[in-house]
Amino acid sequence: MVERASKFVLVVAGSACFMLILYQYAGPGLSLGAPGGRAPPDDLDLFPTPDPHYEKKYYFPVRELERSLRFDMKGDDVIVFLHIQKTGGTTFGRHLVQNVRLEVPCDCRPGQKKCTCYRPNRRETWLFSRFSTGWSCGLHADWTELTNCVPGVLDRRDPAALRTPRKFYYITLLRDPVSRYLSEWRHVQRGATWKTSLHMCDGRTPTPEELPPCYEGTDWSGCTLQEFMDCPYNLANNRQVRMLADLSLVGCYNLSFIPEGKRAQLLLESAKKNLRGMAFFGLTEFQRKTQYLFERTFNLKFIRPFMQYNSTRAGGVEVDEDTIRRIEELNDLDMQLYDYAKDLFQQRYQYKRQLERREQRLKSREERLLHRAKEALPREDAEEPGRVPTEDYMSHIIEK
């Protein structure tokens with residue numbers, strides 16, 4: 001009796017293991033609602049699944065989460081890319097001119113730094129960026145410079161378009177402030193200066209007293225991280241907030257215009273407001289989600305998917321906890337902005353994905369109801385060619 005019970009247990013356990021193995025191989029591809037047992041191909045599978053346990057930090061109304069624009073490439077709409085240093089903007093900028101599926105692709109010729117991105121119906125640019133129009137408003141122009149410069153530059157480039165007002169869609173990328181700061185230090189250490197940047201504000205550039213240099217000579221190559229952090233005039237500090245804020249509100253680069261605490265608060269609130277008002281922004285740390293939101297915002301598709309590279313130059317820098325805390329202190333405004341931007345970004349992604357999933361479920365449900373309605377037709381009616389169910393009959397079937 002004991003032997004029989006043991007054999008029975010072994011048979012049951014073996015059957016359970018076999019079913020488990022079978023499900024592992026066949027289960028992921030099965031779908032009860034799909035004909036033939038296979039799930040239909042879904043391009044959403046390319047993108048990460050939203051985290052159902054994500055806890056929202058800030059409240060954003062639906063109008064801040066919806067970003068479905070009617071971007072008209074054949075009309076007078078222009079995408080303006082605000083490129084902040086060391087945020088992955090070079091890679092993203094190349095995606096815009098080389099990786100977007102367009103009716104008339106950008107003309108990028110070997111050896112040339114800029115591409116020609118014309119509209120499908122006329123010789124007029126639809127993209128204002130480093131790789132299309134160059135640094136037309138200055139090297140790494142910020143929000144204050146671009147909003148005052150871009151319209152005039154395009155009017156001079158395309159005078160025929162003056163008869164109709166353009167619509168500008170500003171976009172940008174943000175990055176974790178500590179990683180971005182370390183990446184900028186390494187770049188400066190190798191000899192980068194960006195000293196040709198204009199920093200134009202209220203019709204003038206800052207005086208040497210308003211913006212003193214951090215080094216003597218042609219560049220700051222070879223500087224240590226400590227030297228980089230010790231310069232009080234270093235524009236790397238809170239760069240993302242400064243480049244997204246309206247500097248006219250705080251007297252541009254005149255630090256004596258208003259008290260330091262009030263200046264910081266105004267800059268942060270202005271940067272948040274301008275970021276919310278942008279047509280799109282992405283995060284360097286979330287490449288696939290950035291691709292997804294851009295495609296859904298502008299109704300444009302990329303040819304190749306974005307790749308997430310975590311082994312950057314900043315990733316190879318080993319710093320202790322004290323140094324990280326010091327960098328966070330120097331970039332306190334950027335830390336607050338990034339925390340705010342990350343939450344808005346994640347909420348927009350979740351909202352879009354849930355909306356698309358809901359639309360797909362409704363579409364599948366309608367298709368199943370239609371299929372059942374056709375199967376419910378009398379056989380003699382179904383055999384007659386050209387006969388289709390009336391609207392009243394279909395409504396009756398669907399209601400049942």
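Numbers here simply count residues along the sequence, with the first being 1.
Checked against Phe294 for a ring pair (Phe, Tyr, Trp, His ring centres under 6.0 Å), the options Phe281, Tyr169, Phe280 give a single hit: Phe280.
The number of heavy atoms from other shown groups lying within 6.0 Å of OH (Tyr58) is above 12. Within 6.0 Å of CG on Asn299 lie no more than 12 heavy atoms contributed by other residues, nucleotides or ligands. The 12-atom threshold is exceeded at CZ of Arg101, counting heavy atoms of other residues, nucleotides or ligands nearer than 6.0 Å. Heavy-atom neighbours of Lys195 NZ from other residues, nucleotides or ligands within 6.0 Å: above the threshold of 12.
In this structure a side-chain-to-backbone donor-acceptor pair under 3.5 Å is missing from Glu209 to Asn254. Put simply, the side chain of Asn99 gets close to the backbone of Arg304: a donor and an acceptor are under 3.5 Å apart. Within the 3.5 Å criterion, the main-chain N or O of His199 finds a donor-acceptor partner in the side chain of Glu145.
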Step by step, would you call Phe345 with Phe286 a side-chain contact (heavy atoms from CB on, under 4.5 Å)?
-> CA-CA 10 Å; Phe345 179 86; Phe286 302 96; 3.8 Å; yes

Start with the C-alpha distance between Gln291 and Gln287, add both sets of side-chain angles, then the distance that settles side chain to side chain donor-acceptor pair (under 3.5 Å), and finish with yes or no.
-> CA-CA 6 Å; Gln291 175 188 347; Gln287 290 292 316; over 6 Å; no

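Using a 4.5 Å heavy-atom threshold, the side chains of Leu127 and Val78 count as separate. Side-chain contact between Thr133 and Val153: absent, with no pair of heavy atoms (C-beta onward) separated by less than 4.5 Å.
Residues Glu285 and Lys342 are not paired through a salt bridge, judged by the lack of any N-O separation under 4.0 Å between the basic side chain and the carboxylate. Taking 4.0 Å as the cut-off between side-chain N and carboxylate O, Arg119 and Glu124 count as a salt-bridged pair. Ion pairing between Lys57 and Asp339 holds under the 4.0 Å rule for side-chain N and carboxylate O. Under 4.0 Å is where a charged nitrogen must lie from a carboxylate oxygen, and between Glu356 and Arg296 at least one such pair does.
Pairing of Cys252 with Cys201 by a disulfide is supported, the SG atoms lying closer than 2.5 Å.
The aromatic rings of Phe306 and His95 sit parallel to each other, their planes meeting at less than 30°, with 60° as the upper class boundary.
Residue pairs that meet the disulfide bond (SG atoms under 2.5 Å apart) test with at least one member in residues 253-292, sequence neighbours left out, do not exist here.
The cationic atom of Arg353 (NZ for Lys, CZ for Arg) lies less than 6.0 Å from the six-membered ring centre of Tyr292 and within 45° of the ring axis. For the pair Arg186 and Trp220, the cation does not sit on the ring face, since its NZ or CZ is not both under 6.0 Å from the ring centre and inside 45° of the axis.
Taking Gln226 as the reference, Asp230 meet the side chain to side chain donor-acceptor pair (under 3.5 Å) condition, with sequence neighbours excluded.
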